[in-house]
Amino acid sequence: MGGLRSDQIDKRVRNNAKERASLKKADVITLTVGGNDLLQSLEKSIFVSSNKQLKSKLSPVKKTYQKKVERLIKDVRAVNPNATIYMFGIYNPVYVYFTNATMITNAVNQWNVVNKAVAKESDNVHFISISKQLTYGQYQTAAEQTKLKQQVSKSNSKYVSASSVESLLQNQTSKEKNHYLSSEDHFHPNRKGYRYMAKTLASVMGKYESWQSK
């Protein structure tokens, strides 16, 4: 279900007979949700010039997003009341290009707070954080991030325009600088990124899935 917002995923859960049949048979369900919701919100209205403006504009959008995720979990549960659900968090896909754009990172963090809260409030749903690895990519240390800030000319401002981000995401000719993300869209994980997600998922599942030790 890549490339879909939370409400679009939910629509398929409610209306797609094939996917409902698969969900019904599942012992484990993984869910990646929120990145496209946030991207759309940022593109439409939340590129601002201060943290105060960001907080003001994010607040109602975040509440709407939380209701959508809660509805999605409820609808998945209506199909399969027993499977364990593992919900991945989201990450900042443009960090390595707009390193000082803290507004994007702040927005990502707030969306992860929502996902984590919904998981905590729901039965048999577990949140999986992938933000640190997929946001920073190969630049994991403070020294590496400082060096990156010095190298990337577009990272001089805390606030970037929607057109700048859209231009980056639509540029399919340039090689992705983040070694965990795809060069095709500069947004989704590449093979290395998905391997990291799978490894992290397996680690978390080991804490909850008793069949692994049988």
Side-chain angles (χ1 to χ4, degrees), residues 1-6 30-43 46-48 51 54 58 86-116 119 126-207:
M1 298 184 184
L4 302 180
R5 299 187 313 271
S6 57
T30 59
L31 182 62
T32 304
V33 62
N36 290 292
D37 294 74
L38 180 57
L39 179 63
Q40 184 184 74
S41 297
L42 292 173
E43 287 176 341
I46 308 178
F47 279 86
V48 294
N51 283 322
L54 176 65
L58 268 182
Y86 294 93
M87 182 163 58
F88 285 100
I90 66 171
Y91 52 91
N92 179 357
V94 298
Y95 169 81
V96 299
Y97 299 93
F98 305 103
T99 312
N100 283 331
T102 54
M103 56 161 292
I104 299 178
T105 300
N106 289 342
V108 167
N109 290 341
Q110 290 192 46
W111 252 237
N112 277 328
V113 167
V114 170
N115 281 12
K116 191 172 183 178
H126 306 290
F127 175 79
I128 301 177
S129 176
I130 55 173
S131 181
K132 184 175 185 293
Q133 188 66 61
L134 295 190
T135 292
Y136 301 127
Q138 67 274 30
Y139 306 99
Q140 289 293 308
T141 69
E144 289 169 334
Q145 291 166 23
T146 297
K147 185 177 180 180
L148 180 64
K149 290 179 181 180
Q150 296 170 347
Q151 294 174 342
V152 182
S153 61
K154 292 181 179 179
S155 67
N156 293 328
S157 174
K158 290 183 178 181
Y159 308 98
V160 296
S161 66
S163 60
S164 296
V165 174
E166 282 186 48
S167 176
L168 169 64
L169 297 179
Q170 292 172 3
N171 185 356
Q172 298 184 15
T173 61
S174 64
K175 184 177 180 180
E176 171 60 46
K177 292 183 179 181
N178 184 329
H179 291 176
Y180 288 78
L181 302 185
S182 169
S183 292
E184 293 184 4
D185 60 12
H186 305 282
F187 184 79
H188 291 94
N190 58 17
R191 184 175 297 178
K192 185 173 184 178
Y194 281 121
R195 280 201 301 264
Y196 170 77
M197 291 175 67
K199 182 179 178 181
T200 306
L201 172 62
S203 177
V204 175
M205 285 178 66
K207 301 175 183 178

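Numbering of residues begins at 1 and proceeds along the displayed sequence.
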Over all atoms of both residues, closest heavy-atom pair of [X] and [Y]:
X      : Y      : result
Gly89  : Asn112 : CA-OD1, 3.2 Å
Val33  : Ile90  : O-CG2, 3.4 Å
Pro189 : Leu134 : CG-CD1, 4.2 Å
Leu201 : Thr30  : CD2-CG2, 3.6 Å
Ile104 : Val94  : CD1-CG2, 3.7 Å
His179 : Lys192 : O-CD, 3.7 Å

Side-chain donor or acceptor of [X] paired with backbone N/O of [Y] under 3.5 Å:
X      : Y      : value
Asp37  : Ser6   : yes
Asn100 : Lys149 : no
Thr200 : Tyr196 : yes
Tyr97  : Lys177 : yes
Asn190 : Leu181 : yes
Asn115 : Met87  : no

Within this structure, what is the [atom1]-[atom2] distance for the pair [X] and [Y], rounded to the nearest 0.5 Å?
X      : Y      : atom1 : atom2 : result
Asn178 : Tyr95  : CG    : OH    : 10.5 Å
Phe88  : Phe127 : CZ    : CZ    : 10.5 Å
Thr32  : Met197 : OG1   : CE    : 4.0 Å
Asn109 : Asn92  : CG    : CG    : 9.0 Å
Tyr136 : Thr99  : OH    : OG1   : 10.0 Å

For a side chain to side chain contact (heavy atoms under 4.5 Å, CB included) check, start with the C-alpha distance between Ser129 and Lys116, then their side-chain angles and the critical distance, and finish with the verdict. CA-CA 9 Å; Ser129 176; Lys116 191 172 183 178; over 6 Å; no
Ring geometry between Tyr86 and His126 (parallel below 30°, tilted from 30 to 60°, perpendicular above 60°): tilted
Please work out whether the ring planes of Phe187 and Tyr91 are parallel, tilted or perpendicular, with thresholds of 30° and 60°.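 Because their plane-to-plane angle lies in the 30° to 60° range, the rings of Phe187 and Tyr91 count as tilted.
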Residues forming a side chain to side chain donor-acceptor pair (under 3.5 Å) with Lys132, sequence neighbours excluded: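 So Lys132 forms a side chain to side chain donor-acceptor pair (under 3.5 Å) with Gln140.
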Working note: Lys147 + Tyr139, criterion side chain to side chain contact (heavy atoms under 4.5 Å, CB included); need CA distance, chi angles, decisive distance, verdict. CA-CA 9 Å; Lys147 185 177 180 180; Tyr139 306 99; over 6 Å; no
